[in-house]
Amino acid sequence: QVQLVESGGGLVQPGGSLRLSCVASGLIFGINPMGWYRQAPGKERELVATIRDGTNTNYADSVKGRFTISRDNTKNTVSLQMNSLKSEDTAVYYCNIRIYLKDFWGKGTLVTVSS
């Protein structure tokens, strides 16, 4: 069994920054791909960023240059540094880990970008 717990969401002004963190626990062995996804009201869940190791990363076009994903492989944690936030970044952000063919998800943390 695997569980993920996100933290760091909240209300931030446009142009501001937030840092999301996620801790995975349970039967996790080796280095598994991890990532962040988000779901805005009325929209489908979409990829934000993924990371396979310390350097192999992938970002959605909408967040490139603004968001940075990182991980601590030993601790099975993943973080998302979000800078220059825009109102369209408002969404519930979900932490993900992929173990073989199965995805595990956190419960989500709400990020609201508004004045």
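- Side-chain atoms of Tyr37 and Val92, non-hydrogen and from C-beta on, never get closer than 4.5 Å to each other.
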Check the pair Glu6 / Leu20 against side chain to side chain contact (heavy atoms under 4.5 Å, CB included), numbers first and verdict last.
-> CA-CA 7 Å; Glu6 305 102 332; Leu20 306 182; over 6 Å; no
### Message
Pair Leu27, Phe29 - check side chain to side chain contact (heavy atoms under 4.5 Å, CB included), show working.
### Response
CA-CA 7 Å; Leu27 296 178; Phe29 302 96; 4.3 Å; yes
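- Leu85 and Leu110 are not part of a single hydrophobic cluster, where members link through side-chain heavy atoms under 4.5 Å apart.
- A single hydrophobic cluster is seen to contain both Val111 and Val48, as judged by linkage of ILVMFWY side chains at heavy-atom distances under 4.5 Å, directly or through other members.
- A side chain to side chain contact (heavy atoms under 4.5 Å, CB included) with Trp36 is found for one member of Tyr94, Tyr93, Tyr59 and no other, namely Tyr93.
- In this structure, CD1 on Ile69 lies 5.5 Å from CD1 on Ile51, to the nearest 0.5 angstrom.
- With hydrogens and angles disregarded, no donor-acceptor distance shorter than 3.5 Å links the side chain of Thr77 to the backbone of Val23.
- At a threshold of 4.5 Å between non-hydrogen side-chain atoms, the residues Tyr100 and Lys102 do not count as touching.
- Within a 6.0 Å sphere centred on CD of Glu88, other residues, nucleotides and ligands contribute more than 12 heavy atoms.
- Taking CG of Asn83 as the start and OG1 of Thr68 as the end, the distance is 6.5 Å to the nearest 0.5 Å.
- Ser70 is not listed as a side-chain neighbour of Gln81, based on a closest heavy-atom distance of 4.5 Å or more.
- Note: Asp53 CG to Ile31 CD1 = 8.5 Å, rounded to the nearest 0.5 Å.
- Val78 is not connected to Leu47 by any chain of hydrophobic side-chain contacts under 4.5 Å among Ile, Leu, Val, Met, Phe, Trp and Tyr, and they are in different clusters.
- A salt bridge does not link Asp89 to Lys86: none of the charged nitrogens lies less than 4.0 Å from a carboxylate oxygen.
- Residue Arg38 holds its CZ atom at 14.0 Å from OG1 of Thr109, rounded to the nearest 0.5 Å.
- Crowding of Arg52 atom CZ: a count of heavy atoms from other residues, nucleotides or ligands under 6.0 Å not exceeding 12.
- Two residues are said to be in side-chain contact when any heavy atoms from C-beta on lie closer than 4.5 Å; Thr90 and Ser114 fail this criterion.
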Show your reasoning for whether side chain to side chain contact (heavy atoms under 4.5 Å, CB included) applies to Asp103 and Arg98.
CA-CA 5 Å; Asp103 287 324; Arg98 176 163 289 181; 2.7 Å; yes
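- With contacts defined as side-chain heavy-atom distances shorter than 4.5 Å, the pair Ser115/Pro14 qualifies.
- Here the straight-line distance linking atom CG of Leu80 with atom CE of Met34 works out to 12.0 Å at 0.5 Å rounding.
- In this structure, CZ in Arg71 is found 6.5 Å from CD1 in Ile97, a value given to the nearest 0.5 Å.
- Leu4 is listed as a side-chain neighbour of Cys22, based on a closest heavy-atom distance under 4.5 Å.
- For Gln3, the CD atom is loosely surrounded, since the number of other residues' heavy atoms within 6.0 Å does not exceed 12.
- Ser79 approaches Ser21 most closely through the heavy-atom pair OG-OG, 3.6 Å.
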